[in-house]
2 protein chains.
Amino acid sequence: MTVAPRSEPLRFRSLEEVEAAVRRDGGRLTRPRRQVLEALFAAEGLASAEQIAGHEIELTSVYRNLERLEELGVVRHVHLGHGPGLYGLVGDGEREYLVCEACGQVTVAEPGRLDRAREAIRETLGFDARFTHFPIHGLCSACGGD
Amino acid sequence: MTVAPRSEPLRFRSLEEVEAAVRRDGGRLTRPRRQVLEALFAAEGLASAEQIAGHEIELTSVYRNLERLEELGVVRHVHLGHGPGLYGLVGDGEREYLVCEACGQVTVAEPGRLDRAREAIRETLGFDARFTHFPIHGLCSACGGD
DNA sequence: ATACTTGCAAATGATTTGCCAGTGT
DNA sequence: ACACTGGCAAATCATTTGCAAGTAT
C-alpha cells in the first residue's frame, strides 16, 4: 500500500538521464539494470516483467530493478486485470486506463480526460480517484457501453 | 474475463431460497456447500475464501462452490487490492467500492451514488464503468482526497 | 445407480526472499 | 576494498486442476 508521489514526476527523456539519476542515488549501472532500462525505452508503453526480462536476464533481477526504478520515480506500474503487472516509464502527466471486462480491450485516457469523472467522485464522496495504478473496469462501447 | 449478468439479479433472502435454486440447477446440498452458504449469510458483507472455509472445509471446495454460486447469480466477488478476492451474497442493487491507496480504507458506495461519475465517463469515452468487481482506487478524504 | 462432489496432492502464475558469489566505482 | 547486485533455489500467496473415493438424490 504505497502512495504515488503527489508532485509532478520529473520526466526522463533519455537513457542517459536515467543513468545519471541512478548514479546520484548511489546505484550501479550493471548489465541487467541497463537492459531493463533499454527494454523500457524500447517498449513505448507497458510491458510485463517477463517481457522486459527477455531471455538474457533473470526475472528476479528485473523485479528488483523495477522496484528500485519505481522508487526513483522513473518507472510506474499498472494492474490491468488478472494477468501480471505492467510496467512503463513515467511520462509527463499520467495516462489512466479503462479495461473492458467483456472483450479485454484496454483504453488509454490521456491526462485530464477523466477529470470530470474525478470531480464527480470528489464531490459525491470526497475521494480523489486515480486510474493510473488500477484502471476503470466495465464495458467498452463495442460491448455495450454506449 | 467474464461479464456480470446485465439484468437485475434476483435477490435471495434466505438460505432456503438459495438451496431451492441450487436444486433447481441440478446441484446437491452437501455439507461443505451448505457451510459456504451459511458463512456467506453470516458474514453480512464480504469475506475471503479462507474466512469462509473456516477450519471445517477444504479451501478447494470453497472455491468450487463459490464459482458455482456465482454462476447461479447468488454470489459475486470483488478484488479490493493485492489481497485475496472477497466474496459476498448478491443484494438488490450492487454496491460499489473505493479503496484508499494510502490507508487502505474501503468505502462502500450505495447503488446510484456513482452514477454522475459513470455518466461523465460514458459521455467522455463511451465506456460503461462498473466499480462492483474492481473498485476505484485513490486517496480517501482523510489522506488528501478533499 | 449414477451423476455430482469432495478431499488431498500437486500444479500454476506472479512475485518475493535468502544467501552467497560476483562486480561496479 | 566494499557496498551494491546478480544468479539461483526455494518460499509465498491465491487459486486451479487432476483424480480417485464418497454421497446426495
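Values below: all heavy atoms of this structure, side chains included; hydrogens, waters and symmetry mates excluded. Letters A, B, ... mirror the listed sequences (proteins, then strands); counts begin at 1.
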Q: Can you identify which nucleotide, out of dG7(D), dT15(D), dC4(D), has its nearest atom closest to the R31(A) side chain?
A: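 From the listed options, dG7(D) comes nearest.
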Q: Is it true that a side-chain atom of E123(A) and a backbone atom of A120(A) form a donor plus acceptor pair closer than 3.5 Å?
A: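 Absent.
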Q: Under 4.0 Å from any atom of DNA chain C, heavy atoms only: list the residues of residues 48-65 of chain A that qualify, in numerical order.
A: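 Only L59(A), T60(A), Y63(A), R64(A) qualify.
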Q: Measuring from L37(B):CG to E16(B):CD, what's the distance to the nearest 0.5 Å?
A: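 Those atoms lie 10.0 Å apart.
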Q: What's the separation between atom CG in L69(B) and atom CG in L89(B), rounded to the nearest 0.5 Å?
A: 9.0 Å
Q: For E67(A) and dG6(D), give me the distance from atom CD to atom P, rounded to whole Å.
A: 12 Å
Q: I'd like to check the side chain to side chain donor-acceptor pair (under 3.5 Å) partners of R28(B); sequence neighbours left out, ordered by chain and number.
A: none
Q: Give a yes/no on whether any side-chain N or O of T30(B) is located under 4.0 angstrom from OP1 or OP2 of dT23(D).
A: no
Q: Inspect the surroundings of CD in E110(A) and state if more than 12 heavy atoms from other residues, nucleotides or ligands are less than 6.0 Å away.
A: yes
Q: Between dC13(D) atom C1' and H79(B) atom NE2, what is the distance in whole Å?
A: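 H79(B) atom NE2 is separated from dC13(D) atom C1' by 14 Å.
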Q: Go ahead and write out DNA chain C as dot-bracket, 5' to 3': ( ) for pairs within the strand, [ ] for ones crossing earlier pairs, | when the partner sits on another strand, dots for unpaired; Watson-Crick or G-U wobble, both distances under 3.5 Å.
A: ||||||||||.|||.||||||||||
Q: Is there a side-chain contact between I121(A) and L98(B), using heavy atoms and a 4.5 Å cut-off?
A: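 Of all side-chain heavy-atom pairs linking L98(B) with I121(A), at least one is under 4.5 Å.
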Q: Could you tell me the boundaries of the chain A footprint on DNA chain C, defined by atoms under 4.0 Å from its heavy atoms?
A: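 Extent of the interface on DNA chain C: dA14(C) to dT25(C).
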Q: CZ of R68(A) versus C1' of dG6(D): gap in Å, rounded?
A: 13 Å
Q: Which residues satisfy the salt bridge (charged side-chain N to carboxylate O under 4.0 Å, His left out) test with E70(A), sequence neighbours excluded?
A: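 Per chain and number, E70(A) pairs via salt bridge (charged side-chain N to carboxylate O under 4.0 Å, His left out) with no residue.
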Q: Please list, chain by chain and in numerical order, all residues satisfying ring pair (Phe, Tyr, Trp, His ring centres under 6.0 Å) with Y87(A), sequence neighbours excluded.
A: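 Partners of Y87(A) by the ring pair (Phe, Tyr, Trp, His ring centres under 6.0 Å) criterion, ordered by chain and then number, come out as H77(A).
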Q: How long is the gap from OG1 on T132(A) to CD on E96(A), to the nearest 0.5 Å?
A: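 If I round to the nearest 0.5 Å, the distance is 6.0 Å.
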Q: For L86(B) and V22(A), find the nucleotide of DNA chain D closest to each by heavy atoms; which residue's nucleotide sits nearer the 5' end?
A: V22(A)
Q: For H79(A) and H79(B), what are the C-alpha separation, side-chain angles and deciding distance, and is it a ring pair (Phe, Tyr, Trp, His ring centres under 6.0 Å)?
A: CA-CA 11 Å; H79(A) 299 280; H79(B) 299 280; over 10 Å; no
Q: How many Å lie between CG on L29(A) and P on dT5(D), as a whole number?
A: 9 Å
Q: If hydrophobic clusters are built by linking Ile, Leu, Val, Met, Phe, Trp and Tyr wherever their side-chain heavy atoms come under 4.5 Å apart, do Y97(B) and F134(A) end up in the same one?
A: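 Per the 4.5 Å side-chain linkage, Y97(B) and F134(A) are not co-clustered.
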